[in-house]
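Bear in mind that the values here come from a model prediction, so they are computed numbers and not experimental data.
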Amino acid sequence: MSNIFLKRVYEPYEGMDGCRILIDRLWPRGISKEAARLSYWFKEIAPSNELRKWFCHKPELFEEFKVKYLDELRTDEQKREYIRQIFEIASSERVTLLYGAKDPVYNHAQVLMDELTGLMEVDL
C-alpha cells in the first residue's frame with residue numbers, strides 16, 4: 001500500500017526503517033540524537049503549540065483535537081510542504097515517521113498518518 005510507517009521514537013532503530021523523520025514539535029525526553037538516528041526533524045508538521053497544549057493527550061478531547069489538527073494540516077502552507085516532502089521521499093524509499101507520545105492511538109501521529117493515507121487514496 002504505502003512506503004510510510006509510524007513508530008515510537010523510543011523503539012530501537014532498525015535498518016529497515018529507511019528515512020526516519022521525527023514529527024514532534026518537542027525533542028523526546030531521554031533520547032540522544034545518536035539513538036534517534038534521524039534523517040529529518042519536521043517539527044513544524046506537528047500541531048501548533050496552542051493546540052498541543054490544549055489537547056494535552058487527553059483521550060476525551062481527541063475527536064475535537066483531530067478536527068482542529070486536520071484543519072491545520074490542510075490550511076497551513078508549511079505543514080502542506082512537509083506533507084509533499086514526505087510523499088517525495090516515500091516515492092523512492094521507506095519512510096518511518098517517529099513520535100514520542102506514550103498512547104499509540106490518541107496522538108497527532110495517528111491523525112497525520114490517516115491524512116497521508118487519505119491523500120494517497122485520492123491520488124490513486
Side-chain angles (χ1 to χ4, degrees):
M1 175 184 115
S2 161
N3 244 2
I4 304 172
F5 300 87
L6 280 182
K7 184 175 183 177
R8 280 193 81 221
V9 70
Y10 297 101
E11 293 176 36
Y13 167 81
E14 296 174 293
M16 64 183 277
D17 286 345
C19 180
R20 291 169 52 93
I21 303 173
L22 180 63
I23 56 169
D24 283 353
R25 184 167 295 277
L26 304 176
W27 188 263
R29 291 182 183 172
I31 295 286
S32 70
K33 292 191 185 214
E34 295 77 30
R37 298 186 68 164
L38 297 182
S39 304
Y40 302 100
W41 181 10
F42 289 177
K43 66 174 107 177
E44 296 300 325
I45 202 169
S48 63
N49 276 325
E50 298 79 15
L51 183 55
R52 179 183 60 79
K53 289 175 184 177
W54 172 82
F55 174 48
C56 199
H57 295 282
K58 295 179 182 172
E60 64 272 15
L61 297 176
F62 185 71
E63 288 306 314
E64 188 175 352
F65 165 78
K66 183 176 179 178
V67 169
K68 291 178 178 188
Y69 182 41
L70 284 171
D71 182 60
E72 287 186 1
L73 288 172
R74 294 170 181 168
T75 61
D76 183 288
E77 191 51 44
Q78 189 172 29
K79 287 177 178 28
R80 292 172 54 81
E81 177 56 31
Y82 281 126
I83 288 171
R84 284 190 283 277
Q85 287 180 38
I86 290 168
F87 282 136
E88 184 176 327
I89 296 165
S91 71
S92 61
E93 67 179 300
R94 179 182 172 120
V95 172
T96 300
L97 302 177
L98 303 167
Y99 67 95
K102 290 179 186 175
D103 190 317
V105 176
Y106 301 108
N107 66 62
H108 80 284
Q110 289 297 330
V111 177
L112 176 59
M113 190 65 178
D114 288 347
E115 179 71 354
L116 294 172
T117 301
L119 289 170
M120 281 185 277
E121 291 171 1
V122 168
D123 284 345
L124 294 179

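To the nearest 0.5 Å, atoms CG (L70) and OG1 (T75) are separated by 10.5 Å. Here the CE-CD distance, from M120 to E115, works out to 10.5 Å after rounding to the nearest 0.5 Å. The distance from atom CE of M113 to atom CG of L97, rounded to the nearest 0.5 Å, is 6.5 Å. For the atom pair L119 CG and R80 CZ, the distance stands at 8.5 Å (nearest 0.5 Å). K7 contributes atom NZ, which lies 14.0 Å from atom CD1 of I21 (distance to the nearest 0.5 angstrom). Separating the CD atom in E50 from the CD atom in E72 is a distance of 8.0 Å, to the nearest 0.5 Å.
Annotation: side chain to side chain donor-acceptor pair (under 3.5 Å) contacts of E77 (sequence neighbours excluded): R84. R20 pairs by the salt bridge (Lys or Arg N to Asp or Glu O under 4.0 Å) definition with D17, not counting sequence neighbours.
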Verdict with supporting geometry, V67 and E64, side-chain contact (heavy atoms from CB on, under 4.5 Å): CA-CA 5 Å; V67 169; E64 188 175 352; 5.7 Å; no
Verdict with supporting geometry, I23 and H108, side-chain contact (heavy atoms from CB on, under 4.5 Å): CA-CA 9 Å; I23 56 169; H108 80 284; 3.9 Å; yes
Test log, rule side-chain contact (heavy atoms from CB on, under 4.5 Å), inputs L73 and I45: CA-CA 8 Å; L73 288 172; I45 202 169; 4.1 Å; yes
L61 and Y106: CA distance, side-chain angles, deciding distance, side-chain contact (heavy atoms from CB on, under 4.5 Å) verdict: CA-CA 9 Å; L61 297 176; Y106 301 108; over 6 Å; no
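Minimum interatomic distance between L116 and F87 (heavy atoms only, all atoms of both residues): O-CZ, 3.5 Å. Nearest approach of Y99 to P104, heavy atoms of both residues: OH-CA, 3.8 Å. Taking each heavy atom of G18 and S39 in turn, the nearest pair found is O-OG, 4.3 Å. Shown here for D114 and K66, the closest heavy-atom pair between the two residues is OD2-NZ, 3.9 Å. Nearest heavy-atom pair, D24 versus G100, reported as atom, atom and distance to 0.1 Å: OD2-N, 2.7 Å. Between Y69 and P47 the shortest heavy-atom distance is CE1-N, 3.5 Å.
Inter-residue side-chain proximity for H57 and K102 is flagged as unmet; no heavy-atom pair is nearer than 4.5 Å. Side-chain atoms of F65 and K58, non-hydrogen and from C-beta on, never get closer than 4.5 Å to each other. With a 4.5 Å cut-off on side-chain heavy atoms, V105 and P59 do not count as touching.
Annotation: E88, atom CD; neighbour count of heavy atoms from other residues, nucleotides and ligands within 6.0 Å does not exceed 12. The local environment of OH in Y40 is sparse, with at most 12 non-hydrogen atoms from other residues, nucleotides or ligands closer than 6.0 Å.
At distances below 3.5 Å, at least one donor-acceptor pair connects side-chain atoms of K79 with backbone N or O atoms of A46. Judged by distance alone, with hydrogens and angles left aside, the side-chain atoms of N49 form no donor-acceptor pair with the main-chain N or O of R52 at under 3.5 Å. For the pair Y10 (side chain) and R29 (backbone), a donor-acceptor distance under 3.5 Å is present. With K53 contributing its side chain and S48 its backbone, the two residues share no donor-acceptor pair below 3.5 Å. Side chain of R94 to backbone of N3: no donor-acceptor contact under 3.5 angstrom is found. Side-chain N or O atoms of N107 include none that pairs as donor or acceptor with a backbone N or O of A101 at under 3.5 Å.
Note: the hydrophobic cluster containing W54 also contains L112 (ILVMFWY, side chain heavy atoms under 4.5 Å, direct or indirect links).
Ring-plane geometry between F62 and F55 is classed as tilted, the angle between the planes lying from 30 to 60 degrees on a 0 to 90 degree scale.
For K33 and W41, the positive end is not near the middle of the six-membered ring at less than 6.0 Å and at most 45° from its axis.
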